[in-house]
Amino acid sequence: MKKLAWFLLFFYLVITVLWIANSLYLFTLIGVVAWVILIISGFIIYKKLKEKELITLLLLYSSFFMLFLLILTIIIQLTVSSMP
């Protein structure tokens, strides 16, 4: 389970880089669905890990950061699309 958590953290890093680069891959329907699935997976894996180690805290904080980025992206998209 720890290897899966490290793998997930790597994907969180990739998503963060794609978000900063404003990549079209991340903002397509498939990209957003994969993003949401990774966030949900992060919270599930966090619940499964019993030990309170560094990896569990990194996973929890990274999952909340990904959720924050997703909400921020939705707000930005709604704001930009409402402009004339």
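These numbers come from the heavy atoms of this one structure, side chains and all, not from hydrogens, waters or symmetry mates. This chain uses plain numbering: 1 for the first residue, then up along the sequence.
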Please tell me whether Val17 and Val32 are part of a single hydrophobic cluster in this structure, the criterion being side-chain heavy atoms less than 4.5 Å apart. no
Quick one: do Leu24 and Ile20 end up in the same hydrophobic cluster if we chain Ile, Leu, Val, Met, Phe, Trp and Tyr together by side-chain heavy atoms under 4.5 Å apart?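 Result: no, two separate clusters.
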Considering non-hydrogen atoms only, spot the tightest contact between Thr56 and Tyr46 and give its length. O-CD1, 3.4 Å
Shortest non-hydrogen contact from Ile45 to Ala5?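 For Ile45 versus Ala5, the nearest heavy atoms are CG2-CB, 4.1 Å.
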Checking [X] now: which residues fulfil side chain to side chain donor-acceptor pair (under 3.5 Å) with it, not counting sequence neighbours?
X     : answer
Ser62 : none
Trp19 : Thr73
Lys2  : Glu53

Can you run down the salt bridge (charged side-chain N to carboxylate O under 4.0 Å, His left out) pairs that involve residues 29-49, sequence neighbours left out, and say none if there aren't any?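 Every candidate salt bridge (charged side-chain N to carboxylate O under 4.0 Å, His left out) pair involving residues 29-49 fails, so no pair, neighbours aside, qualifies.
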How would you list all residue pairs meeting side-chain hydrogen bond (donor to acceptor under 3.5 Å, both in side chains) that involve residues 28-37, not counting sequence neighbours?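 Every candidate side-chain hydrogen bond (donor to acceptor under 3.5 Å, both in side chains) pair involving residues 28-37 fails, so no pair, neighbours aside, qualifies.
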Would you mind listing every ring pair (Phe, Tyr, Trp, His ring centres under 6.0 Å) that reaches into residues 63-84, with sequence neighbours excluded?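 Every ring pair (Phe, Tyr, Trp, His ring centres under 6.0 Å) pair that includes a residue of residues 63-84, provided the two are not neighbours, is Phe43-Phe64.
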What residues join Tyr61 in its hydrophobic cluster, counting side-chain heavy atom gaps under 4.5 Å, either direct or through other members?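 Members other than Tyr61 - counting any ILVMFWY side chain reachable under 4.5 Å - are Leu57.
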Side-chain heavy atoms under 4.5 Å apart, restricted to Ile/Leu/Val/Met/Phe/Trp/Tyr: what other residues fall into the cluster of Ile37, or is it alone?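 When side chains under 4.5 Å apart are linked, the cluster holding Ile37 also contains Leu29, Val33.
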Donor-acceptor list for residues 76-84 side chains, cut-off 3.5 Å, not counting sequence neighbours:
| unit_1 | atom_1 | unit_2 | atom_2 | d |
| --- | --- | --- | --- | --- |
| Thr79 | OG1 | Ile75 | O | 2.8 |
| Ser81 | OG | Gln77 | O | 3.0 |
| Ser81 | OG | Leu78 | O | 3.2 |
| Ser82 | OG | Leu78 | O | 3.3 |
| Ser82 | OG | Thr79 | O | 2.9 |

Supply the atom-to-atom distance Ile39 CD1 to Ile44 CD1, rounded to the nearest 0.5 angstrom.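 Result: 12.0 Å between the selected atoms.
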Could you go through Leu59 and Trp6, starting from their C-alpha distance and side-chain angles, then the distance that decides it, and tell me whether this counts as side chain to side chain contact (heavy atoms under 4.5 Å, CB included)? CA-CA 8 Å; Leu59 189 61; Trp6 283 110; over 6 Å; no
Could you tabulate the donor-acceptor pairs under 3.5 Å formed by side-chain atoms of residues 8-15, not counting sequence neighbours?
| unit_1 | atom_1 | unit_2 | atom_2 | d |
| --- | --- | --- | --- | --- |
| Tyr12 | OH | Leu38 | O | 3.0 |
| Tyr12 | OH | Ser63 | OG | 3.0 |

